[in-house]
Structures are given as C-alpha cells and as structure tokens.
S.K.: 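Encoded as structure tokens, here's the structure I'll be asking about.
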Protein chains: 2
Amino acid sequence: MPADPATRRPARNTRRRILDTTLALYNALGEPNVSTTLIAAEVGISAGNLHYHFRKKDQLIGALLEQFIVDIEQLMPPDSWRAKDVEESWFLLHIIFETIWKYRFLFRDLSGIMSRDRRAGHRLSGVFNRAVATCRGICLGLAETDQLEATSAEIEALAHNLAVLTLYWLSFDTVRHPRRDEAGESIAQGVYQVLMLVAPFMRPVGRANIEYLATQYLTKQPGR
Amino acid sequence: MPADPATRRPARNTRRRILDTTLALYNALGEPNVSTTLIAAEVGISAGNLHYHFRKKDQLIGALLEQFIVDIEQLMPPDSWRAKDVEESWFLLHIIFETIWKYRFLFRDLSGIMSRDRRAGHRLSGVFNRAVATCRGICLGLAETDQLEATSAEIEALAHNLAVLTLYWLSFDTVRHPRRDEAGESIAQGVYQVLMLVAPFMRPVGRANIEYLATQYLTKQPGR
DNA sequence: GTCTATATAGGGATAGAC
DNA sequence: GTCTATCCCTATATAGAC
C-alpha cells in the first residue's frame, strides 16, 4: 500500500468505482436513461477515462450482469439439493430477493438484454431454470421429510409458481408503489406471499409453523 | 365513401395503420430499438407524415398504452363482481392473458414507462390494482358459493399471487423460451399454473373439476 | 491511467412545398 | 395529408497530449 502523501486518491480500483456507481445509477434511473457522460461525471472522471475502462456501453451492462450471475449462482444450491426445513428455505429465498433488488435494473428489460446479447440471454435463461430448480428443491425437501404433501405434478407446478413469484414480485410491487428506494417492506411482503403459496400443501403441524412465520413477516410491514 | 378511381389508397385511417404497425414492431423488437424512421418506412409513409399524426414518439407509446388500458379495463369486471364458477374465471383469465400478449412490449419496461410519464404510471398502477381486485373477485365468488375454502387472509394473499402470476407469467416464460412469436403454448401453461394455484383451496368436488380442467390445458402443450 | 478535444452517427423533430 | 429536405441535439466513441 504505497502511501502517496495525500495527493492521489484510491484510483487503484477505478474500475470498481465505475461499476458501483453505474449500478446505482441504473437502478435509480433505468439503464436507457443513463448516459456514459453522466456516469463519468458521477464517478468524477472524464468520459475518455471511462472509455478506457469500458470501451462500449454494453460492456458496462455485461459486467454488471456477470456480477449478478456470479452472485445469484453462488446463492442457488445445486440441482440435487433438498431443503431441510422451512426456515432454511425462507432464509434462502430472502437473500435471493435481496440480490434481485440489488440488481433490479436488469429486471426492467430482461428481453432487451437478451436480444442485444445472445450469450447473455442464454446465461439468463440458465439462471431462471436454476431458480425453478431451487424452488423444486425446497418442495421436494419438504415433501421427502413429510412436512409437505403433494403429488409430483403439484410440486412441479408449485416450483414454477414459486419461481415466478420470487423473480417478479419486486417488479410487481414497484408498479403498485413506484418511487420506493428501500426494499425492506417490499421484500417482507414478498416472503410472506411465498410462504402463503406453500402453506396449503403443508401438513397440519408444519402448516401452523409456516403460518406463524408468515404473520411474523407480515407485521414487519405497517400495512398493505 | 368517395371512390377516387383507384388513385388514392385507404389513406383515411393512416393513424390506425401507424398504430397497428408500431404495435407490431414494438412487440417484435422492443420499443427502444424501433426508430420513428423505421416505423414510417414500414407503414410506407414519410417520416414527416408520421410526425404529422404523432408529434412526439412518446405519443405513440401513449396512444398504445391508452389502447391497452381501454382493452383491459373493458375485460376486468367492477370491484364488486364475484365469479360464479371456475369456468367463468378461467375464461376471464384466458382473455386477459391474450390482451397482455397483444401489448407485451409494454411489459418489457413498465417502470420505464412510468418514470417517463407520471400520469401513465398512475394509470398502470390502477390497472394492477384492478387486476388484484379481479382475482379477489374470483376467490371470493368461489368462496361464497362454497366451492373454495380459505380464510380471508388466505384469500387476500391468493389474490395477489394470482395477479402476479397472470401479469408476469408471459414475461417469465419469454426469458426461458426466447424468440417465441406465437403465444398459444405459453398462455396454455399460464392458465394451467393459475389453476394449480387455486386448486389446493378448492373443496373436494370442485377440486376434481379444476384438476380436470388443468390437465386439459396441459395437454394442449407438447411438453414442458 | 487520466485528461481535453473532437469525430461521427442516428434519431427526433421541424419547415415549407405540393 | 403527404412529401422532401434539413436542422439540432445527444450519446457513443476516438485521438492524442500529459
């Protein structure tokens, strides 16, 4: 750590700073509304310098998408994974919600991203499929330990519904309550909705537990 | 109907033709990727003429959004409405799915539309709220006729989940199966998913019926 | 690595003739 | 109502000095 006497600022990781502020701007204003000029200004560097680090605007989106995929794949267990209990499952969904929120700008135009960059599109379908697999793992885990009762067709349908809800709840809620900049409430209700989706398939004892958890989440938010 | 001898083409309803091809282009390529120049070319008129009919690009989106809202609000019954039976409900959801598909470009960046035009945003939240209300009407209708059994908290949660699923299923499915240009399969599976969402709350007899309906929908599609 | 200055393109929008 | 021609602006991207 070379200590230039207070002259030069961090500067080492300009790339990181660029990505961080870009992510913030994209989330706040939407990617199409953010120009490279604005990013440069916000980071406090010149447009030319920005271009040195990312030659094309697409590379910014690409890098952030890559970041997202790394983050989310790290969270999602392998396809063979099975949930042990309810708590583990909801904790998992909760942090997935948070990751989605962190990169929410991506979810504003998924098909746009996919059409611009075919490879990216392929990665994204992959993430979606893994989301379904994760939800399936939750259902199967609970079923195999006799906490949940459902036919395999029901489980399959439930897994898909869980995935849709998890991936799109925040978008849905944003439309109903625009200009919200903190996710707390929204995530809490999202988890609640997920719990209520699974509840009807739970056996009595587990169901009581899940409904208890649900009300816990519900009280986190002032009202609907 | 003045019959100019084969010289002038329909021309009367240029406005309609513009809107129709714009909708088609937006759906196919995504609104941000379609320039006014392209629209004019596709319609077979000049850019200047296009501008005569719609002074700003936003007015194109605005007009199509208005069309969508009119269409969808015509479909959605008033808040006091209650479903009579399962068939009526799924028919309703089915045509809502079709309308969403028809205007799917809007759903590619809802928050973008909302941030550009505040008034439009308000209209959209309204539609979403009405979607929830419609779903609520389905659940309450089935509950009041003893076909469905659920607490009011469960119904409330179910209504929201139904709305999310209905509004976002097609987006979800598009990510998993990009470059699909006809909606048949996708809608069929969407309806199936919706049915499976409600099934666990149905009383035995109704449940048999709903599961029968569900398999009907399922066979419409080759495989998952 | 970072800056300043500049090139280039494309899209939205306009003016005025027909 | 429709066309042609053109303007203007903004955003991306580049070149070259420090």
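In what follows, every chain begins at residue 1, and chains take the letters A, B, ... in the order their sequences are listed.
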S.K.: Would you please indicate yes or no on a ring centroid separation below 6.0 angstrom for B/Y26 and B/F105?
M.R.: yes
S.K.: Donor-acceptor check, side chain of A/H122 to backbone of A/R118, threshold 3.5 angstrom: yes or no?
M.R.: no
S.K.: Within the structure, does a side-chain N or O atom of A/N49 lie under 4.0 Å from either OP1 or OP2 of C/dG1?
M.R.: no
S.K.: Is there a donor-acceptor pair closer than 3.5 Å between any side-chain N or O of B/S125 and the backbone N or O of A/V175?
M.R.: yes
S.K.: Whole angstrom is fine here: how far is it from OH in B/Y52 over to P in C/dT14?
M.R.: 15 Å
S.K.: Near DNA chain C, which residues from residues 18-29 of chain B have a heavy atom under 4.0 Å away?
M.R.: none
S.K.: Mind listing the N/O atom pairs, protein and nucleotides 14-18 of chain D, below 3.5 Å?
M.R.:
residue: D/dT14; atom: OP2; partner: A/H51; partner atom: NE2; Å: 2.9

S.K.: Identify each atom pair where a protein N or O and an N or O of nucleotides 6-11 of chain C are less than 3.5 Å apart, giving names and distance.
M.R.:
none

S.K.: Please answer whether the main-chain N or O of A/H177 pairs with a side-chain N or O of A/R179 as donor and acceptor at a distance below 3.5 Å.
M.R.: no
S.K.: Rounded to the nearest 0.5 Å, how far does CG of B/L50 lie from OG1 of B/T22?
M.R.: 7.0 Å
S.K.: Go through it in stages, so that I can follow the logic: the residues are A/F68 and A/Y103, the test is ring-ring contact (aromatic ring centres under 6.0 Å, His included), and I'd like the CA-CA distance, side-chain angles, deciding distance and then a yes or no.
M.R.: CA-CA 7 Å; A/F68 165 71; A/Y103 296 95; 5.5 Å; yes
S.K.: Rounded off to whole Å, could you give me the CG-to-C1' distance for the B/N13 and D/dT2 pair?
M.R.: 15 Å
S.K.: Tell me the interatomic distance from B/L50, atom CG, to D/dT2, atom P, rounded to whole angstroms.
M.R.: 11 Å
S.K.: Check this for me, if you would: do A/E31 and A/R108 make a salt bridge, where the nitrogen-to-carboxylate-oxygen distance has to be below 4.0 angstrom?
M.R.: no
S.K.: Expressed as a whole number of angstroms, how long is the span from A/H53:NE2 to C/dC3:C1'?
M.R.: 12 Å
S.K.: Hey, what's the ring geometry for A/Y168 with B/Y168, parallel, tilted or perpendicular (30° and 60° as the breaks)?
M.R.: parallel
S.K.: What's the spacing between B/H53 NE2 and B/L60 CG if we round to 0.5 Å?
M.R.: 11.0 Å
S.K.: Charged N to carboxylate O below 4.0 Å: is that the case for A/R136 and A/D79?
M.R.: no
S.K.: Please evaluate residues A/I100 and A/L167 with respect to the criterion side chain to side chain contact (heavy atoms under 4.5 Å, CB included), reporting the C-alpha separation (whole Å), side-chain torsions for both, the decisive distance (0.1 Å), and the verdict.
M.R.: CA-CA 7 Å; A/I100 292 175; A/L167 292 166; 4.0 Å; yes
S.K.: Let me know the distance between CZ of B/F54 and P of C/dG12, rounded to the nearest Å.
M.R.: 14 Å
